[in-house]
Amino acid sequence: MKFRIPRGTADVLPKESRIWDFIEQTAKNVFKRYNYKEIRTPIFEHTELFQRGVGETTDIVEKEMYTFKDKGDRSLTLRPEGTASVVRSFVENKLYADPDPVKLYYIGPMFRYERPQSGRMRQFTQIGVEALGSNDPRIDAEVISMALRQFEEMGLDNLRLEINSVGCSSCRPVHREKLVTYLHDVKEQLCKDCQSRLERNPLRILDCKNETCKSLTKEAPTIEQHLCDDCRTHYEDLKGHLDSMGISYIENPRLVRGLDYYTQTAFEIMAEGIGAIGTICGGGRYNGLVGEIGGNDVPGIGYAFSIERIVLALKAKGIDLGLEQGLDVYLIALGQEAKTVATKILDNLRKNKLSADMDYLDRKMKAQMKAADRSDAQYVIIIGEDEIAKQKVILRNMETGDQKEVSFDDLIETISSQIIKR
RNA sequence: GCGGCCAUGGCGAAGUGGUUAACGCACCGGAUUGUGGCUCCGGCAUCCGUGGGUUCGAUUCCCACUGGUCGCCCCA
């Protein structure tokens, strides 16, 4: 055993890939109903895109990016998230010329250099959406409801939706400054992490789990108190739309998203079974990002969830996707001549839309029967010397054990009419 | 970047400072000639993550490294 998988990555083996496919298909099905279209962007981008888009002071940019130089001395980075790339593409391809809003989704791997743990990998797969061009709170509500609908249809319940408004470029700085001033006096009592947060991302201090920090921030200025009229109205409208759709949510005034580009609406969806993490989906509005990346002042909102975490949540629920679908036919050939004939028959079965396989290991009949049984085939076709002489095969129903002779010419029609499609 | 726990065959899992490292599952072969699922029999780790050290002797003791896992930070 010489080679091992790199740290923080995982192979999705056939058994598991069924669940992945189920998740992807379910998500795509919902996207279609909501009129979101797929976009595929490169897995790497110019490093500067993420520095600008995600934010210089975020953990992602400061210490988690897979950055490398190519042979042309360009600094490139494996994408750590999807939004910056989509916005880049939106601007570069002038998608703003399309009727607003532009509604996009993507599915693909993301990369962050972190210590792996349950629900956190260095390469992980995100399914995400971006709706660009509208600042209407109704689209915030649409996006949130779409996420919940996807998880519901995947079989997840007991989900917890938390929402908040983090303000905009006019009201957030005011709050931020008051908060920093307030906390500066008690800086020495804050935990080590929060002391550094005070400089980098003071809003996060409000979300600290440390008991001392919690009590110190109890009376601290909240974002909610400082929202400007626009942001307040936007937030109230969003809640109204969620209410009218019957979506229950928890207002969490301390909910802060880690990436710099978020404005106004922020939300998270939590589920059981994701280790210590809990969050399966995070999202929010980013009205300044398109401008930051070189486009016009286009508002946007989006979210992303990771397939890995959905798989964990599904497993925690004991989701059963049912048995793997078995083969229609397994072919057993005995002897050289029969094998040649069987190869042709096998091809013909497949050509006629039947799933079929045969032995390639020169195994004896008993072993081939065993293989047929394991493949959960509905029928077995047996061809040996006798059958070739008669230009017939034996067709055996594996469920009942009944078997009969069928001529080569009638084989496809006979099987096709008897197969139970499943 | 920091901390806890762990590291035996394809998988799960016993075990001991000293000749042949349990067992279960899976897999392969057999139980008379070309027929599965049950049963029975047989096979399947010259080796116990890697490298050092202690020792007459280590898979069992110590150290380092690597990896896994869980948690912190942060996040999907």
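Labels below follow one simple rule: chain letters A, B, ... track the order of the sequence lines, proteins then strands, and each chain is numbered from 1.
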Item to complete: Provide the distance between the two C1' atoms, one in B/U20 and one in B/U59, to the nearest whole Å.
Response: 16 Å
Discussion item. In whole Å, I'd like the distance from the NZ atom of A/K370 to the P atom of B/G29.
Written reply: 7 Å
Worksheet item: Is there a donor on the side chain of A/Q117 or the base of B/U69 sitting less than 3.5 Å from an acceptor on the other?
Response: no
Worksheet item: Taking atom types as modelled and ignoring hydrogens, do the side chains of A/Y286 and A/E130 form a donor-acceptor contact shorter than 3.5 angstrom?
Response: yes
Worksheet entry | Side-chain heavy atoms of A/L349 within contact of A/L331, under 4.5 Å | yes
Response to the item:
Which of B/U35, B/G34, B/A76 is nearest the side chain of A/E387? It is B/G34
Fill in: Which nucleotide in B/U35, B/C75, B/G34 has an atom nearest any side-chain atom of A/L334
B/G34
Worksheet item: With a 4.5 Å limit on heavy-atom distance, are the side chains of A/I307 and A/V12 in contact?
Response: no
Worksheet item: What nucleic acid atoms does A/G401 come within less than 4.0 Å of, heavy atoms only: base, sugar-phosphate, or nothing?
Response: base
Fill in: Whichever of A/P116 and A/E268 has its nearest RNA chain B nucleotide further upstream toward 5'
A/P116
Worksheet item: Over how many whole Å does the gap from A/D373 atom CG to B/A26 atom P extend?
Response: 13 Å
Item to complete: Figure out the CD1/P separation between A/I332 and B/G37, and round it to whole Å.
Response: 12 Å
Worksheet item: What is the distance from CG of A/D11 to C1' of B/G67, rounded to the nearest Å?
Response: 15 Å
Practice prompt. Pick base, sugar-phosphate or nothing for A/E308, based on heavy-atom distances below 4.0 Å to the nucleic acid.
Written response: nothing
Item to complete: With C1' as the reference atom in both, quote the distance from B/A26 to B/G12 in angstrom, rounded to an integer.
Response: 10 Å
Item to complete: Using a heavy-atom cut-off of under 4.0 Å over every strand shown, decide if A/I60 touches base, sugar-phosphate, or nothing.
Response: nothing
Practice prompt. Would you mind reporting whether A/K370 and A/R363 have side-chain heavy atoms less than 4.5 Å apart?
Written response: no
Worksheet entry | Nearest-nucleotide pick for A/D386, side chain only, options being B/A76, B/G36, B/G34 | B/G34
Worksheet entry | A/I269 vs A/F305 side-chain heavy atoms within contact, under 4.5 Å | no
Fill in: Sugar-phosphate only, base, or nothing, as touched by A/E81 at under 4.0 Å among non-hydrogen atoms
nothing
Worksheet entry | Side chains of A/S407 and A/Q391, donor plus acceptor under 3.5 Å | no
Worksheet item: What interatomic distance, in whole Å, is found between C1' of B/U60 and the corresponding atom of B/A7?
Response: 14 Å
Discussion item. The side chain of A/R309 is closest to which nucleotide in this list: B/C75, B/C27, B/C70?
Written reply: B/C75
Practice prompt. Write down the partner of B/C2 under the Watson-Crick or G-U wobble criteria, each distance required to be under 3.5 Å.
Written response: B/G71
Worksheet entry | Nucleotide of B/G36, B/A76, B/G29 approaching A/K364 most closely (side-chain heavy atoms) | B/G29
Item to complete: Report the distance from atom CD of A/Q150 to atom C1' of B/A76, rounded to the nearest whole Å.
Response: 14 Å
Fill in: Whole angstrom value for the distance that separates P of B/C75 from OH of A/Y66
18 Å
Item to complete: May I ask you to say what A/A304 touches in the nucleic acid, namely base, sugar-phosphate or nothing, with a heavy-atom cut-off under 4.0 Å?
Response: sugar-phosphate
Item to complete: Take A/G278 and A/S118, find for each the nucleotide of RNA chain B with the closest heavy atom, and name the residue whose nucleotide sits nearer the 5' end.
Response: A/S118
Discussion item. If I take atom OH in residue A/Y261 and atom P in nucleotide B/C75, what distance separates them, rounded to the nearest angstrom?
Written reply: 11 Å
Discussion item. What's the gap between B/C6 and B/G10 when it is taken at their P atoms, as a whole Å value?
Written reply: 23 Å
Worksheet item: A/T279 side chain N/O closer than 4.0 Å to the phosphate oxygens (OP1, OP2) of B/A76?
Response: no
Fill in: A/R396 side chain, from C-beta outward: closest of B/C28, B/G34, B/G36
B/G36
Fill in: Note: A/E292-A/R52 ion pair, threshold 4.0 Å (strictly below)
yes
Worksheet item: Heavy atoms under 4.0 Å, any strand shown: does A/I382 hit a base, just sugar-phosphate, or nothing?
Response: base
Discussion item. Suppose we define a pair by two distances each less than 3.5 Å, Watson-Crick or G-U wobble; what does B/C65 pair with here?
Written reply: B/G49
Worksheet item: Just how far, in rounded Å, is C1' of B/U69 from CD1 of A/I5?
Response: 15 Å
Item to complete: For A/G119, answer base if it contacts any base atom (sugar-phosphate contacts may also be present), sugar-phosphate if it contacts only those atoms, and nothing otherwise; contact means non-hydrogen atoms under 4.0 Å.
Response: base
Discussion item. With the stacking rule set at 5.5 Å and 30°, tell me whether A/F305 counts as stacking on B/A76.
Written reply: no
Fill in: Side chain of A/Q126 - closest among B/A76, B/C70, B/G34
B/A76
Discussion item. Whether A/D328 and A/K353 form a salt bridge (side-chain N of Lys/Arg under 4.0 Å from carboxylate O of Asp/Glu) is what I want to check.
Written reply: no
Worksheet entry | A/N135 side chain to A/R285 side chain, donor-acceptor N/O pair below 3.5 angstrom | yes
Worksheet item: Base, backbone or nothing for each nucleotide of nucleotides 1-6 of chain B, written B, S, -, heavy atoms under 4.0 angstrom, 5' to 3'?
Response: BBB---
Worksheet entry | Nearest-Å distance once atom C1' is located in both B/A58 and B/G18 | 9 Å
Worksheet item: Checking all strands, does A/M121 fall into the base, sugar-phosphate, or nothing category for heavy-atom contacts under 4.0 angstrom?
Response: base
Worksheet entry | N/O (side chain, A/R363) to phosphate O (OP1/OP2, B/G36) under 4.0 Å | no
Fill in: Nearest-angstrom distance, C1' atom, B/G3 to B/C25
36 Å
Discussion item. Is it true that A/T41 and A/R88 share a donor-acceptor pair across their side chains at a distance under 3.5 Å?
Written reply: no
Practice prompt. Pick the C1' atom in B/G42 and in B/C47, then give their distance to the nearest Å.
Written response: 23 Å
Worksheet item: Does a sphere of radius 6.0 Å around CD in A/E399 hold more than 12 heavy atoms from other residues, nucleotides or ligands, not counting ones at 6.0 Å or beyond?
Response: no
Discussion item. Taking only the P atom of each, what is the distance from B/A14 to B/A22 in whole angstrom?
Written reply: 15 Å
